[in-house]
Amino acid sequence: MDSITNFLSHFFVTGDPMIYGADASIALVSVAVLAVLTYFKKWKWLWNEWLTTVDHKKIGIMYIIAALLMFFRGGVDALMMRTQLAMPGLSFLNAEHYNQVFTTHGTIMIIFAAMPFIFGLMNIAVPLQIGARDVAFPFLNAVSFWLFFAGAMLFNLSFVIGGSPDAGWSSYAPFAGIELNPGVGQNYYVLAVQISGIGSLATGINFLVTILKMRAPGMKLFKMPMFSWSILITSVIIIFAFPAFTVALALMTIDRLFGAHFFTIAAGGSPMLWANLFWFWGHPEVYIVLLPVFGIFSDVIATFAHKTLFGYAVMVWSMIAISFLSFITWLHHFFTMGNTAPVNAFFSISTMLIAIPTGVKIFNWLFTLNKGRIEFTTPMLWALAFIPNFTIGGVTGVMLAMAPADYQYHNSYFLVAHFHSTLIAGTVFGIFCGLHYWWPKMFGYLLDEKKGKWAFWVFMISFNICFMPMYFLGLMGMTRRMYTYPAGLGWGPINFIMTIGAFGMGIGFAIMAYNIVWSAIHGKKDTTGDPWDGRTLEWSIASPAPEYNFAHIPTVSTRDAFETMKEEKRAGRAKPPAPFKPIHMPNNSGIPVIMSAFMFVAGFGFVFWWFWMAIPGVIGVIACLIARSFVYDDFHHIPVDEIERTERAAGRLS
């Protein structure tokens with residue numbers, strides 16, 4: 001009994017009331033979900049319609065649901081940190097718990113919230129914008145989602161089983177090595193992020209091929225919507241950046257599980273190897289989550305200014321320039337580590353250069369707004385708020401790019417304020433903008449505008465209350481990563497104000513969640529498929545989009561393809577539709593979700609060095625791959641009469 005008690009006390013995280021609350025919440029939610037599915041007899045529906053789907057639209061919705069849950073988890077982590085720092089000398093969290101919360105907050109927000117949210121929106125919009133019926137590899141798309149989901153669930157399990165990682169979201173060696181970090185928390189980090197990262201790399205490959213090979217007839221590259229252009233460039237960055245991170249995680253996994261010393265100086269390794277590999281991925285990663293929202297803002301601003309996007313070609317080339325420069329700036333993270341003057345000078349200049357194409361985009365958006373018939377919808381408010389807030393983050397980024405000044409700024413709250421100004425005012429504002437913009441295309445009804453605007457104003461104002469004072473706090477000398485501070489330094493009032501702002505952002509997010517629930521019941525139906533008077537092809541079909549997307553693949557002649565179609569229809573030049581033909585579509589498959597379950601089992605086994613569990617999990621993954629190789633009948637045809645019924649029900653046929 002003593003050995004069993006000892007095992008359980010180390011297996012389950014104990015000793016903290018918040019952990020017990022999390023245990024109870026997980027148990028109650030799990031029981032409730034199982035009870036609802038059983039009571040309403042929805043197990044078969046869940047399996048057939050969602051768990052086995054390869055439909056890019058449903059996969060996009062699942063990405064977004066999972067990302068919203070991860071935002072909630074990451075947001076709770078942030079509120080716990082801000083509560084701990086609200087006043088001097090508080091003991092809401094102890095040092096170890098604070099390090100764990102600090103680590104999980106950054107990891108979840110970047111890898112398990114922002115990226116999957118972007119992937120969700122690109123799954124929803126890109127095939128529709130380019131006139132395709134699905135992505136190039138629908139089965140691989142499902143595998144990508146379920147690998148992300150398995151990684152996210154494995155990472156979140158660390159909170160209650162074994163203990164969370166505590167070496168920071170960048171997990172620098174040697175702090176993340178087995179000698180200084182012997183628990184299982186860091187194993188969760190390397191394995192969960194690796195599993196999710198494999199899915200991310202596959203997504204980049206999938207969407208690169210989709211955009212290059214599946215565009216509608218006549219849609220040349222320089223006739224694509226700007227969001228699709230941003231995803232094309234982002235996919236290239238993913239393909240070149242993620243292998244470096246994959247290698248870094250693999251090396252650290254081998255170090256921790258099998259006793260190697262890739263990052264141990266005494267054994268011939270190098271901690272800087274991890275830092276270089278991590279940031280060679282990590283800085284392009286910033287643009288993996290920023291470039292897509294630049295595309296979202298471009299489409300939204302053009303739509304609600306009721307104008308063609310100003311400087312289209314310049315916008316495209318500026319994104320290409322950003323993608324190139326993003327790979328030669330990673331060393332600015334090491335300005336305080338003793339590089340030579342020529343090295344610092346090169347990366348300082350390259351970092352400043354990246355502000356030029358970014359600034360070009362700001363001016364293009366402003367010129368698009370000039371003399372436009374601006375419509376202040378909720379998506380447009382998020383887009384407009386982005387411009388001044390993100391500009392502040394960009395200007396402070398140029399300040400940090402100067403190597404001598406960075407010695408003063410780098411480990412202070414000034415840096416924390418900078419990257420939150422860019423990632424929240426950029427990425428978070430952008431995905432909330434895209435969520436409201438494409439919501440009717442996903443579900444067939446609009447989110448309530450009044451509640452959406454309340455959520456926007458509360459969140460945006462609270463964001464500035466939380467992070468603007470951080471710049472001054474950093475200049476006053478408060479360093480990042482500290483979990484407490486003494487009274488008398490003058491930091492207390494500013495920290496208290498920032499904490500109020502953080503809770504205000506939580507209230508804004510809660511209003512948005514309430515709006516989603518309220519609109520599901522009372523929301524205005526989108527009966528036209530074009531509630532915003534859109535300019536791109538996704539608004540030319542019914543809402544929600546049918547399984548096959550387009551009954552007829554459109555032919556494109558201009559950049560704003562749907563706007564041109566509407567003008568031709570008003571002028572009486574629209575051609576009569578051709579007869580329907582059967583549509584080739586991929587079959588659903590249960591292999592992706594089953595394979596991800598095996599991957600989860602393997603990952604959990606490796607976390608605890610339980611090779612008796614990990615090896616069968618790996619065998620299960622290989623078996624799923626072999627089983628897939630023997631599937632030949634993986635498609636079906638939607639007959640003409642079913643297409644006619646679907647189009648007539650959507651009001652597309654008389």
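The figures that follow rest on heavy atoms only: side chains count, while hydrogens, waters and symmetry mates do not.
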(request) Give a yes or no on whether the backbone of Pro586 and the side-chain of Asp634 come within a donor-acceptor separation of less than 3.5 Å. (result) no
(request) Measure the spacing between NE2 of His552 and CD of Glu647 and express it to the nearest 0.5 Å. (result) 8.5 Å
(message) If we ignore hydrogens and angles and just use 3.5 Å, is the side chain of His105 paired with the main-chain N or O of Gly74 as donor and acceptor?
(response) yes
(request) Mind checking the CG-CG spacing from Asp560 to Leu309? Nearest 0.5 Å is all I need. (result) 8.5 Å
(message) Within a 6.0 Å radius of atom CH2 on Trp50, are there more than 12 heavy atoms belonging to other residues, nucleotides or ligands?
(response) yes
(request) Would you check if Met380 and Leu369 make a side-chain contact, meaning some heavy-atom pair closer than 4.5 Å? (result) yes
(request) Could you pull out the closest heavy-atom pair between Pro546 and Ala542, with the gap in Å? (result) CD-O, 4.4 Å
(message) Determine whether Leu51 and Trp146 satisfy the following criterion, side-chain contact (heavy atoms from CB on, under 4.5 Å), listing intermediate values before the conclusion.
(response) CA-CA 9 Å; Leu51 299 184; Trp146 288 113; 3.5 Å; yes
(message) Just checking Phe327: does its CZ atom have more than 12 heavy atoms from other residues, nucleotides or ligands closer to it than 6.0 angstrom?
(response) yes
(message) So that I know where these two stand, are Phe432 and Phe459 an aromatic pair - ring centroids less than 6.0 Å apart?
(response) yes
(message) Can you confirm whether the side chains of Asn464 and Asn389 place a donor and an acceptor under 3.5 Å from each other?
(response) yes
(request) Flag the pair Phe390 / Thr358 as yes when at least one side-chain heavy-atom distance between them is below 4.5 Å, and no otherwise. (result) yes
(message) Check Asp448 with Lys524, please: is the shortest side-chain N to carboxylate O separation under 4.0 Å?
(response) no
(message) Can a donor-acceptor pair be found, under 3.5 Å and without considering hydrogens, that links the side chain of Thr210 to the backbone of Ala136?
(response) yes
(request) Check each of Phe509, Phe71, Trp382 against Val428 using the side-chain contact (heavy atoms from CB on, under 4.5 Å) test, and report the only one that passes. (result) Phe71
(request) Using the ring of Trp45 (Phe, Tyr or Trp, six-membered ring only), decide whether Lys42 places NZ or CZ under 6.0 Å from its centre and within 45 degrees of its axis. (result) yes
(message) Quick one: does any side-chain atom of Lys451 pair with a main-chain N or O of Ile511 as donor and acceptor, under 3.5 Å?
(response) no
(request) Check each of Trp330, Tyr287, Phe245 against Trp281 using the ring pair (Phe, Tyr, Trp, His ring centres under 6.0 Å) test, and report the only one that passes. (result) Phe245
(request) Could you walk me through whether Leu381 and Trp457 pass the side-chain contact (heavy atoms from CB on, under 4.5 Å) test, one step at a time? (result) CA-CA 9 Å; Leu381 289 177; Trp457 285 110; 4.2 Å; yes
(request) Find the distance between CZ (Phe463) and CD1 (Ile424) and round it off to the nearest 0.5 Å. (result) 5.5 Å
(request) State whether the side chain of Thr52 and the backbone N or O of Gly590 hold a donor-acceptor pair below 3.5 Å, judged by distance alone. (result) no
(request) Give a yes or no answer on whether the side chain of Thr536 reaches the backbone of Glu538 with a donor-acceptor pair at less than 3.5 Å. (result) no
(message) Can a side-chain donor-acceptor contact be found between Glu375 and Thr377 if the only test is distance below 3.5 angstrom?
(response) no
(request) Work out which heavy atom in Leu221 is nearest to a heavy atom in Trp229; give both atom names and the distance. (result) O-NE1, 2.6 Å
(message) Can you give me the closest heavy-atom contact between Phe227 and Ser230, atom names plus distance?
(response) O-OG, 2.6 Å
(message) Assess, by modelled atom type and distance only, whether the side chains of Asp134 and His56 contain a donor and an acceptor separated by less than 3.5 Å.
(response) no
(request) Search all heavy atoms of Ala216 against all heavy atoms of Val556 and return the closest pair with its distance. (result) CB-CG2, 4.1 Å
(message) Ignoring hydrogens, what is the shortest heavy-atom contact between Tyr63 and Pro116? Give both atom names and the distance.
(response) CB-O, 3.5 Å
(message) If you define the side chain from C-beta out and look only at heavy atoms, does anything of Asn156 sit under 4.5 Å from Phe112?
(response) no
(message) Ring-plane angle category for Phe294 and Phe386, please: parallel below 30°, perpendicular beyond 60°, tilted otherwise.
(response) tilted
(request) Would you indicate whether the side-chain heavy atoms of Asn141 and Val54 approach each other to under 4.5 Å? (result) no
(request) Could you walk me through whether Phe600 and Phe149 pass side-chain contact (heavy atoms from CB on, under 4.5 Å), step by step? (result) CA-CA 9 Å; Phe600 178 90; Phe149 189 77; over 6 Å; no
(request) Output yes when a side-chain donor or acceptor of Ser196 lies under 3.5 Å from a complementary backbone atom of Val193, and no otherwise. (result) no
(message) Within the 3.5 Å criterion, strictly below it, is a donor on Trp454 or Tyr514 matched to an acceptor on the partner's side chain?
(response) no
(request) Measure the shortest side-chain to side-chain distance between Met315 and Trp365 over non-hydrogen atoms and say whether it is less than 4.5 angstrom. (result) yes
(request) Check whether the side chains of Lys307 and Thr368 place a donor and an acceptor atom closer than 3.5 Å, and report yes or no. (result) no
(message) Taking atom CH2 as the centre, does Trp317 end up with more than 12 heavy-atom neighbours from other residues, nucleotides or ligands that are less than 6.0 angstrom away?
(response) no
(request) Give me the ring orientation class for Trp439 and Phe443: parallel if the planes are under 30° apart, tilted from 30 to 60°, perpendicular past 60°. (result) tilted
(message) Please tell me whether Tyr189 and Trp169 form a close aromatic pair, meaning their ring centres lie under 6.0 Å apart.
(response) no
(request) Kindly compute the distance separating OG1 (Thr396) from CZ (Phe419), expressed to the nearest 0.5 Å. (result) 11.5 Å
(request) To the nearest 0.5 angstrom, please state how far the CD1 atom of Ile322 sits from the CG atom of Leu291. (result) 5.5 Å
(request) For residues Ser200 and Met115, determine if any side-chain heavy atom of one lies less than 4.5 Å from a side-chain heavy atom of the other. (result) yes
(request) If the plane angle is over 60° it's perpendicular, under 30° parallel, otherwise tilted; pick one for Trp539 and Tyr437. (result) perpendicular
(request) Please say whether the positively charged group of Arg73, taken as NZ for Lys or CZ for Arg, lies over the ring of Phe159, i.e. under 6.0 angstrom from the six-membered ring centre and within 45 degrees of the axis. (result) yes
(message) Restricting to non-hydrogen atoms, name the atom on Pro440 and the atom on Pro531 that form the minimum distance, rounded to 0.1 Å.
(response) CG-CG, 3.8 Å
(message) How about CZ on Phe550, more than 12 heavy atoms from neighbouring residues, nucleotides or ligands closer than 6.0 Å, or not?
(response) yes
(message) Less than 4.5 Å apart, side chain to side chain, heavy atoms only: is that true for Asn123 and Lys57?
(response) no
(request) Apply side-chain contact (heavy atoms from CB on, under 4.5 Å) to Leu537 and Met565, showing your working. (result) CA-CA 9 Å; Leu537 287 177; Met565 292 177 184; 3.5 Å; yes
(message) For the residue pair Gln129 / Asp299, report whether a side-chain donor-acceptor contact shorter than 3.5 Å exists.
(response) yes
(message) Is the positively charged end of Arg628 above the ring of Phe139, judged by distance under 6.0 angstrom from the centroid and angle within 45° of the axis?
(response) yes
(request) Could you tell me the separation between the CE atom of Met595 and the CD1 atom of Ile591, rounded to the nearest 0.5 Å? (result) 8.5 Å
(message) Taking atom CH2 as the centre, does Trp518 end up with more than 12 heavy-atom neighbours from other residues, nucleotides or ligands that are less than 6.0 angstrom away?
(response) yes
(message) Any non-hydrogen side-chain atom of Ser326 less than 4.5 Å from a side-chain atom of Val286?
(response) no
